[in-house]
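Okay, so here's the structure we're looking at.
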Amino acid sequence: MLRELRRRWRSYRYRFVPWLALNLRRQRRTLRYVPESSQDKIIADEDVFETLLKIFKALFINDFSRQAEILALLPEVKCQYLELLTVEQKRSKVNSCNHQSQHVFSPEEVLFNTLGFAVSRDRSSLVSAGTGVFVTKGFVPKGTVVSMYPGTVYRKHEPIFFQSLGNPFIFRCIDGVLIDGNDKGLSRSVYRSCSRRDQLGPFQMSDESWLTATLQNPLAVGQYVNNCSHEKTANVCYQEFDVPGHFPVELKQYLPNIVYSHDIESHLRCVVLVTLRDIKQGEELFSNYYTVVS
Ligand SMILES: C[S@@+](CC[C@H](N)C(=O)[O-])C[C@H]1O[C@@H](n2cnc3c(N)ncnc32)[C@H](O)[C@@H]1O
């Protein structure tokens with residue numbers, strides 16, 4: 001019996017450490033079952049990659065006039081984007097050859113124009129659950145990347161003790177990697193300092209704007225998604241995604257994650273939230289903080 005108990009405990013993958021501790025005694029807990037860790041992914045990595053590329057490129061083009069320093073160092077990339085910009089301008093019927101006079105949209109508008117929906121934080125529909133995340137505009141089909149979980153990425157055994165004290169935003173990946181998505185206090189300072197450490201001249205390796213009210217990447221709100229209940233079932237699911245080495249350097253400025261320590265060469269871990277069903281405008285996103293991998 002003890003062995004069975006130990007096996008069950010090992011197969012339990014809790015997503016948020018303090019949340020689990022507070023809820024261990026609750027009887028009516030909702031769990032997500034995954035037959036094997038390899039089957040944890042709802043959509044293929046290539047689909048996640050394509051979606052991120054699509055939205056990040058759209059954000060970059062929208063912000064073209066502010067990317068001059070980067071583009072001056074990447075002439076061949078500049079040509080590609082100039083072509084895309086021309087197509088985009090023709091599509092939105094802006095009759096101008098001068099990219100300086102392009103119409104600039106807000107990042108939320110870019111998200112809506114590119115993926116057909118917008119998401120943002122607001123007071124949760126659950127009493128006493130604080131802030132949540134809502135689809136504010138459009139429609140999100142099943143199997144879509146609807147959000148990203150921002151934060152500092154800690155590999156196993158990296159020091160997170162002080163940052164974790166009373167912190168409900170520490171996300172645990174299936175392989176034990178932790179992501180601290182808290183936008184306040186020590187967590188905030190650590191993220192900022194790691195992000196600035198990794199900046200190479202004009203090339204930012206990550207996005208810091210999720211720490212502020214003005215997001216550059218409008219998907220980076222996943223840390224505010226609340227846990228489902230029996231009344232409000234989960235409509236999104238966390239999915240881990242390792243950023244491949246060939247990810248375009250000019251688009252890394254929109255990645256809302258940074259490694260705590262880069263002593264070891266490894267791919268940056270990101271976590272995206274994928275829809276489990278179609279989601280309509282006005283609906284709140286709910287994930288499952290508890291996952292059991294058999
Ligand atoms: C990752 S944070 C989510 C964002 C949080 N709602 C906020 O306003 O900061 C996790 C915390 O949200 C709250 N929470 C999440 N799901 C909840 C639920 N279903 N009911 C009540 N509180 C919830 C708990 O306080 C939990 O520790």
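As the structure lists them, so they are numbered: ligands from 1, and atoms in each ligand from 1.
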Under 4.5 Å between any side-chain heavy atoms of T136 and R121, yes or no?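 Counting from C-beta outward, T136 and R121 never come under 4.5 Å.
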Cut-off 3.5 Å, side chains only: do E284 and S124 have a donor facing an acceptor?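 Judged by distance alone, the side chains do pair up.
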Got a salt bridge between R196 and E208, using NZ or NE/NH1/NH2 to carboxylate O under 4.0 Å?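 Looking at R196 and E208, the cut-off is met.
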Can an N or O of N226 be found at a distance shorter than 3.5 Å from an N or O of ligand 1?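 Checking ligand 1 against N226, an N or O pair does fall under 3.5 Å apart.
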Please check whether Q223 reaches ligand 1 - meaning an N/O of the residue sits under 3.5 Å from an N/O of the ligand, judged on distance alone.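 Min N/O separation from ligand 1 is not below 3.5 Å for Q223.
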Against heavy atoms of L126, which atoms of ligand 1 measure under 4.0 Å?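 Matching atoms, with element in brackets: 18 (C), 19 (N).
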Within ligand 1, which atoms have a heavy atom of G130 less than 4.0 Å away?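 Every atom of ligand 1 under 4.0 Å from some heavy atom of G130: 8 (O).
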Out of Y289, F169, Y149, who is nearest to atom 9 (O) of ligand 1 when you count heavy atoms only?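 Shortest heavy-atom distance from atom 9 (O) of ligand 1: F169.
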Would you please indicate yes or no on a ring centroid separation below 6.0 angstrom for F105 and F112?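 Here the rings of F105 and F112 have centres that are no less than 6.0 Å from each other.
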Looking at F139, I'd like to know if the NZ or CZ of K280 sits under 6.0 Å from its six-membered ring centre while staying within 45 degrees of the ring's axis.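 K280 over F139 ring: no.
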